[in-house]
Amino acid sequence: SGAEAAERERKPNVIFILADDLGYGDLGCYGQQTIQTPNLDRMAVEGMIFTDHYAGSTVCAPSRCCLMTGLHTGHAHVRGNARVPLRPSDVTVAELLQQAGYTTGIIGKWGLGEPDTTGIPNRQGFDHWFGYLNQRHAHNYYPKYLWRNEQMVELANEVRDVNPPGGVATRRVQYSHDLFTADALDFVTRHKNGPFFLYLAYTIPHANNEAGKEGMEVPSYGAYANEDWPDPQKGHAAMISRMDGDIGRLLARLKSLGIDEKTVVFFSSDNGPHKEGGADPAFFDSNGPLRGHKRDLYEGGIRVPLIARWPGQIPAGSGTNHVSAFWDFLPTCCDLAGVVPPGGIDGLSMAPTLLGKPRRQRQHPYLYWEFHEQGKKQAVRAGNWKAVRVNVAKNPDGPIELYNLEADLGEQENVADLHPDIVAKMAAIMTNARTDSENWRWPRQGS
């Protein structure tokens with residue numbers, strides 16, 4: 001009917017592209033001097049760049065859980081890199097958009113449910129799924145197989161198992177990233193009449209941890225082949241530039257299909273830069289002005305790029321210091337699709353900021369993270385204050401470090417002694433911002 005067509009017309013397509021272990025400083029538009037990212041830089045010029053956006057966590061699985069469910073790690077079902085699948089009761093952004101008439105697809109890395117569990121993408125709101133279910137399997141860019149919906153698809157690569165399902169290819173034929181790009185181009189072409197939601201979860205520039213110092217796997221070093229850099233650094237740069245070129249192809253496809261102005265595209269990363277597979281985050285200054293990297297709750301571990309582009313709707317060449325996080329994605333999509341978000345989530349829609357109406361934007365009183373490795377850690381950002389507590393397992397009410405991000409973005413000067421009142425507020429948030437979880441034990445706090 002005419003009304004249905006008008007409704008379809010009104011709801012934008014949504015593409016969320018997620019890089020894996022890409023640092024805040026790894027893109028030209030965020031200050032990168034060496035690695036070439038012309039397509040993402042142009043996307044920023046044509047859209048909006050967020051300076052104060054945060055990942056869900058400082059490692060993969062919990063970060064992706066926050067993105068999909070609108071909950072931070074104090075409430076999310078998956079709070080660490082263990083094999084805990086999403087449950088039927090967990091409501092994902094894909095389910096909500098599916099109910100709003102969207103065709104939903106995920107391509108790349110999932111990490112929120114193993115085969116035959118309640119957590120696989122097809123049971124969590126996705127019509128189409130192609131990629132890696134298990135994050136260790138996703139370390140290998142030349143795997144023996146990938147999943148297409150609930151079927152295992154054999155590839156032409158030959159692989160030596162190292163830490164199953166992780167492995168190292170002995171015969172490299174099909175590079176998974178290239179397969180993901182081809183599938184993404186096919187998905188948007190097939191569903192050009194919309195509305196569609198595509199979650200394109202690339203694994204670049206994650207290392208193949210099983211391959212040791214040869215972990216930055218890429219078919220060629222491209223523009224960097226003749227640089228006098230260590231091979232892992234050539235691989236790191238070549239991966240990012242390869243991904244950038246493929247994102248350029250995807251944006252060009254939206255234009256050629258005539259759906260550029262009907263499609264909002266987001267680009268981000270799941271956590272800060274890694275130090276694995278021979279990579280050295282200091283070599284390219286991958287964390288930019290920030291302190292720390294993957295597995296830290298300092299800014300370098302959790303503050304990530306976010307670029308958003310929607311021609312005619314998101315003001316071109318704009319930037320925002322709105323403080324936002326992965327758990328805001330679900331309510332933002334609900335807002336754009338005209339759906340009521342579920343109650344009890346932690347996210348706030350970023351739509352007012354995106355659409356150039358910052359005065360209407362609701363603000364978070366705080367952002368909260370907890371991390372379940374390295375002795376357990378917590379962090380809070382409230383206004384320009386940032387609090388970090390380490391070794392929670394040993395000392396649940398131990399000292400809190402406090403940083404003023406406005407004066408000290410690099411978190412070099414712990415000013416906790418000067419602001420006991422703010423430290424006390426942060427301690428209360430750390431105690432109250434979380435609920436207990438049977439899978440993620442936490443010591444009693446605030447007693």
Apply salt bridge (charged side-chain N to carboxylate O under 4.0 Å, His left out) to the pair E150 and R123, showing each step before the final yes or no.
-> CA-CA 10 Å; E150 299 191 40; R123 294 177 195 168; 3.2 Å; yes
When you look at R291 and D296, which way does the salt bridge (charged side-chain N to carboxylate O under 4.0 Å, His left out) test go after all the steps?
-> CA-CA 9 Å; R291 172 182 178 181; D296 290 324; over 6 Å; no
Step by step, would you call T435 with H75 a side-chain hydrogen bond (donor to acceptor under 3.5 Å, both in side chains)?
-> CA-CA 6 Å; T435 49; H75 298 136; 4.6 Å; no
Start with the C-alpha gap between R444 and D436, add the side-chain angles, then the distance that decides, and say whether salt bridge (charged side-chain N to carboxylate O under 4.0 Å, His left out) holds.
-> CA-CA 10 Å; R444 281 268 158 258; D436 285 329; 3.3 Å; yes
side-chain hydrogen bond (donor to acceptor under 3.5 Å, both in side chains) between T263 and N13, worked out = CA-CA 4 Å; T263 308; N13 305 312; 3.1 Å; yes
Mind running side-chain hydrogen bond (donor to acceptor under 3.5 Å, both in side chains) on D127 and Q98 for me, showing each step along the way?
-> CA-CA 8 Å; D127 298 308; Q98 211 176 36; 2.8 Å; yes
Would you check, one step at a time, whether the test side-chain hydrogen bond (donor to acceptor under 3.5 Å, both in side chains) holds for Q378 with Q445?
-> CA-CA 12 Å; Q378 286 174 296; Q445 278 180 306; 2.7 Å; yes
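Ion pair D260/R309 flagged as a salt bridge, since at least one NZ, NE, NH1 or NH2 atom sits closer than 4.0 Å to an Asp/Glu carboxylate oxygen. Using a 4.0 Å cut-off between charged nitrogen and carboxylate oxygen, D186 and R253 do not count as a salt-bridge pair. Ion pairing of E370 with R434 is present here, as a side-chain N (NZ or NE/NH1/NH2) and a carboxylate O approach within less than 4.0 Å. The pair E276-R295 meets the salt-bridge criterion, with a side-chain N (NZ, NE, NH1 or NH2) lying under 4.0 Å from an Asp/Glu carboxylate O. Between R381 and D52, at least one side-chain nitrogen of the basic residue sits less than 4.0 Å from a carboxylate oxygen of the acidic one, meeting the salt-bridge criterion. We find that K386 and E401 are not joined by a salt bridge, their nearest charged nitrogen and carboxylate oxygen being 4.0 Å or further apart.
Here V423 pairs with I400, L402, A416 under the side chain to side chain contact (heavy atoms under 4.5 Å, CB included) rule; sequence neighbours left out. Residues passing the side-chain hydrogen bond (donor to acceptor under 3.5 Å, both in side chains) test with Y132 are S176, sequence neighbours excluded. Under the side-chain hydrogen bond (donor to acceptor under 3.5 Å, both in side chains) criterion, K376 pairs with H372, sequence neighbours left out. Considering only residues two or more places apart in sequence or on other chains, K425 meets the side chain to side chain contact (heavy atoms under 4.5 Å, CB included) condition with none of them.
Within 6.0 Å of CD in E413 there are 12 or fewer heavy atoms belonging to other residues, nucleotides or ligands. The neighbour count for Q363 CD, taken as heavy atoms of other residues, nucleotides or ligands under 6.0 Å away, is above 12. A 6.0 Å sphere centred on CZ of R190 holds more than 12 heavy atoms belonging to other residues, nucleotides or ligands. By the 6.0 Å contact criterion, CG on D417 is open, its count of non-hydrogen atoms from other residues, nucleotides or ligands being 12 or less.
Rounding to the nearest 0.5 Å gives a distance of 11.0 Å between SG of C333 and CG of D328. Distance OG1/T117 to CG/L86: 8.5 Å, rounded to 0.5 Å. Once rounded to the nearest 0.5 Å, the distance linking SG of C65 with NE2 of H72 reads 12.0 Å. Atom OH of Y24 is separated from atom CG of L306 by 10.5 Å, given to the nearest 0.5 angstrom. To the nearest 0.5 angstrom, W110 atom CH2 is 5.0 Å from L112 atom CG.
A side-chain donor from one of Q361 and T353 sits under 3.5 Å from a side-chain acceptor of the other. Defined by atom type and a distance below 3.5 Å, a donor-acceptor pair is present between the side-chain atoms of Q135 and N81. The closest side-chain donor-acceptor pair between N404 and N384, if any, does not fall under 3.5 angstrom. No side-chain donor from either of H236 and D280 sits under 3.5 Å from a side-chain acceptor of the other.
Of the possible donor and acceptor atoms, one in the side chain of T37 sits under 3.5 Å from a partner among the backbone N and O of G28.
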Atom pairs and distances, donor-acceptor, side-chain atoms in residues 194-205, under 3.5 Å, two or more places apart:
unit_1	atom_1	unit_2	atom_2	d
Y202	OH	T181	OG1	2.7

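Among residue pairs with one or both ends in residues 239-258, none qualify as ring-ring contact (aromatic ring centres under 6.0 Å, His included); sequence neighbours excluded.
Not less than 6.0 angstrom separates the ring centroid of Y141 from the ring centroid of H177.
What you find for H274 and A279 is that their closest heavy atoms are CE1-CB, 3.4 Å. Residues L96 and P342 share a closest heavy-atom pair of CD1-CD, 3.7 Å.
Residue F329 is tested with Y54, F50, F266 for a ring pair (Phe, Tyr, Trp, His ring centres under 6.0 Å); the sole match is F266.
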